[in-house]
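This one's a predicted model, so the numbers in the text were calculated from it and none came from an experiment. Note that ligands are numbered from 1 as they come in the structure, with each ligand's atoms numbered from 1 the same way.
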Amino acid sequence: MRIDILTVLPGLLHGPFAESIVKRGIEKGLVEVHLHDIRKYTKDKHKRVDDTPFGGAAGMVLAIQPIHDAIQDLQSQRVYNEVIFLTPDGERLAQSRVNQLSLCGNILMICGHYKGIDQRLRDKFVTLEISIGDYVLSGGELAAAVLTDAIVRLVPGVIGDEMSALTDSFQDGLLAPPVYTRPADYQGLKVPEVLLSGDHAKIQKWEEDQALKRTQERRPDLLHG
Ligand code: 6GU
């Protein structure tokens, strides 16, 4: 899988991709993540990438030319399964969408900033608009990092069996059950007896019950949605 990300702040994304799961996926040669600085594509003599909106509203809008040229440059080199714009008015991200995106070969993400990007870019190129929740970030970069992490960890081989993505919260529509590790008794704080019983059927039943209980208590919308 290859993910290309268009941004005016590539520095915001170096950290998240240089650690942990995404780093491992890249090192294993299973994923490529390429950051592209939108400013590199501007033809403006002052290197500007934004401008004031028509109509006189406050704030700045990322202009059409640099992003248009960047997308055309990238699309001339490969076909993208999805061109995703990260925006608070997009579809709210859920695991089902992440699962679908993890099957893609090539994904192009566009990070907005300020008041967003010129609508004509969205109309012409964008196939999917994603929000990571009902709150406002300063730009799409952190959302792109979240989306990339969620996708990359599902690419076969990126995480080992010891962390199997299939047992994640949400993957079966339920939250994950509580987990414990040694010692079984820490200053009187005890691990539930059943987990020490060695009875695998009983343990599995307990974990399923706990997952259901947690979901009922914390996210009943997941059960009825
Ligand atoms: Cl994708 N972008 C911005 N700027 N804010 C957000 C978001 C995205 N998702 C939630 N808030």
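Salt bridge annotation for D73-K40: absent, with no cationic side-chain nitrogen under 4.0 angstrom from a carboxylate oxygen.
With a 6.0 Å radius and a threshold of 12 heavy atoms from other residues, nucleotides or ligands, R92 has its CZ atom at or below the threshold.
Distance alone, capped at 3.5 Å, places no donor-acceptor pair between the D4 side chain and the L108 backbone. Although no hydrogens or angles enter the test, the distance criterion places a donor-acceptor pair under 3.5 Å between the side chain of T42 and the main chain of R48.
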Run through all N or O atoms in ligand 1 and write down each protein N or O closer than 3.5 Å, as a pair with its distance.
residue: ligand 1; atom: 4 (N); partner: L137; partner atom: O; Å: 3.1
residue: ligand 1; atom: 5 (N); partner: L137; partner atom: N; Å: 3.0
residue: ligand 1; atom: 9 (N); partner: S131; partner atom: OG; Å: 3.4
residue: ligand 1; atom: 9 (N); partner: I132; partner atom: N; Å: 2.9
residue: ligand 1; atom: 11 (N); partner: Y135; partner atom: O; Å: 2.5

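A tilted orientation is assigned to the rings of Y180 and W206, their planes being inclined by 30° to 60°.
Between atom NZ of residue K213 and atom CZ of residue R218 there is a gap of 9.0 Å, rounded to the nearest 0.5 Å.
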